[in-house]
Amino acid sequence: MTGLFIGLPVLGIVLGWTIRWLYARFQLSASEQKAERVKQDAIKEAEAQKKEILLEAKDQLIRERNQQERENRDRRTELQRYESRVNKKEELLDKRSQEFDQKDKDYAKREEVIAKREAVLSEQEETYRKELERISGLTQQEAKNLIIKNLENDARHDAQALLNKIDQDAQLNADKKAREILVTTMQRIATETTSDITVTTVSLPSDEMKGRIIGREGRNIRTLETLTGVDIIIDDTPEAVVISCFDPVRKEIAKESLERLVTDGRIHPARIEEIVQKVTREVTQKIYEEGEKALFDLGIHNMSQDGVRAIGRLYFRTSYGQNVLTHSKEVAMIAGMLASEIGANRELAKRAAMLHDIGKGAETDSEQNHAEVGAEMARKMGEDPKVINAIAAHHNDIEPQSIEAVLVQIADAISASRPGARRETVDNYIKRLENLEETAEKFNGVEKAYAIQAGRELRVLVNNEKIADNDVKDLAKQIAKQIETDLRYPGRIKLTMIRETRIIEYAR
């Protein structure tokens, strides 16, 4: 029994191991079969992918081949078009070549014809020349010399007239410029000048007052001359004393002081000094007040005290009989109106125009002209660079750098050249225009002449029945020469001839 119990477990173990071995063999066989199936499936899938890739490659090859064939067809078509165009151009070139050859032949024939005509014309010209020489009694060279001489005489006459005109213009401008320079310089520098500008007369109650003005050993007159900086001339003129000075302010101080001394009757050095100091303060105050008044009238603000005084000094300054302060105010108003019309800076133009002549009243011995002195004064007063440029450029000493500077030039010219502004009176101005019209109306065929543009243009109405169109130009030249001969005028005069035909009829 014991052996039986021992053998049964061993038998179970062997039987279990055998079963497990058989199961393992079964599983191994199944795995091998599965692996074989997977292998077969993979081989089939690979074959299918291979076939698919081959098909795609074939399709791609076919597409590329078709694309290449299309491109080849397009190139052949383009080449055919190019070939066709080249053939057409060759045909056109051949045709043009033939045309050019034909034209060359035609030109050759024409040249032969022209050469024959030239020969015939040369013979005829020689015949006519000989006939003309026979009729006129002059050879060809003599006729040329005669024509050249006539042309030379006409050219010399016209040139001489032009030279005379230029000389007259230069003389007029030179005289005007010289007077301006002299007057400006004389009123700024203590040198001699003409009496009508630099002297003034003080009336005396009697000739006995002259001795009191001179004083013992000339002390009174020397004191007065030293304090005022003027020359007092006491001569044989009855009941009058002459004061001479270049500076209009000093002259005014001396005149006012002497008048007060004569009225007061107490004339001695101490009293003279007291009166001169008092008058100097009053004149200085008047200068400032005149400057302020001018600026107030024009609406110009923010002016420095030096600028106000410089403007006020122009109250005592004249130029060609025209008060410089009045002239400056007029220029400022004109410049402001012009600036408003064209859209420029109105305030800047007025300010520059008001200050354009401040150099004329400057107390300086500088050798610069009044425009340069005025520009330097404006620079020291801290004025705008455009204002400084306008002052320096108002006589074209330098180039204007703004439209306002040009407006100042224009306004200055307008104020100075208007009728009656300066020494030329209105009567002389009107007389000059009348002489201009009368000169033109003396010619036969002229109905009426009108001087316009301040005498710078003359319009002449011509009788159409007496003067033909072809004769109008000659008449204009004759009138122009007559004006140049008989009249004196600045610049040049534009002559406009007007001829018209008017036909009036009435329908009844």
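Only a predicted model underlies this, so the values are computations on that prediction, with no experimental measurement involved.
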Taking side chain as C-beta onward, heavy atoms only, is M377 less than 4.5 Å from D306?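 M377 vs D306: side chains apart.
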
Do E500 and N464 touch side chain to side chain, with heavy atoms closer than 4.5 Å?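 They are not in contact (no side-chain heavy atoms under 4.5 Å apart), so the answer is no.
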
Check: [Y] main-chain N/O paired with [X] side-chain donor or acceptor under 3.5 Å:
| X | Y | result |
| --- | --- | --- |
| E437 | A451 | yes |
| Q482 | T439 | no |
| R317 | I358 | no |
| D357 | K360 | no |
| R499 | I467 | yes |

Say whether S340 and R346, considering side chains only, have a donor N or O and an acceptor N or O under 3.5 Å apart.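 A donor-acceptor contact under 3.5 Å links the two side chains.
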
Does a side-chain N-to-carboxylate-O contact under 4.0 Å join [X] and [Y]?
| X | Y | value |
| --- | --- | --- |
| R266 | D264 | yes |
| E438 | K442 | no |
| K481 | E484 | no |
| D474 | K477 | no |

Pairs flagged by salt bridge (Lys or Arg N to Asp or Glu O under 4.0 Å) wherever residues 284-303 is involved - sequence neighbours left out: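 Listed once each, the pairs are K286-E290, K293-D297, D297-K329.
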
Test salt bridge (charged side-chain N to carboxylate O under 4.0 Å, His left out) on E252 and K255 and set out the steps. CA-CA 5 Å; E252 179 67 19; K255 178 177 179 293; 5.6 Å; no

Go through the steps to decide whether R260 and E256 satisfy the test salt bridge (charged side-chain N to carboxylate O under 4.0 Å, His left out), and finish with yes or no. CA-CA 6 Å; R260 293 190 184 185; E256 183 67 24; 3.1 Å; yes

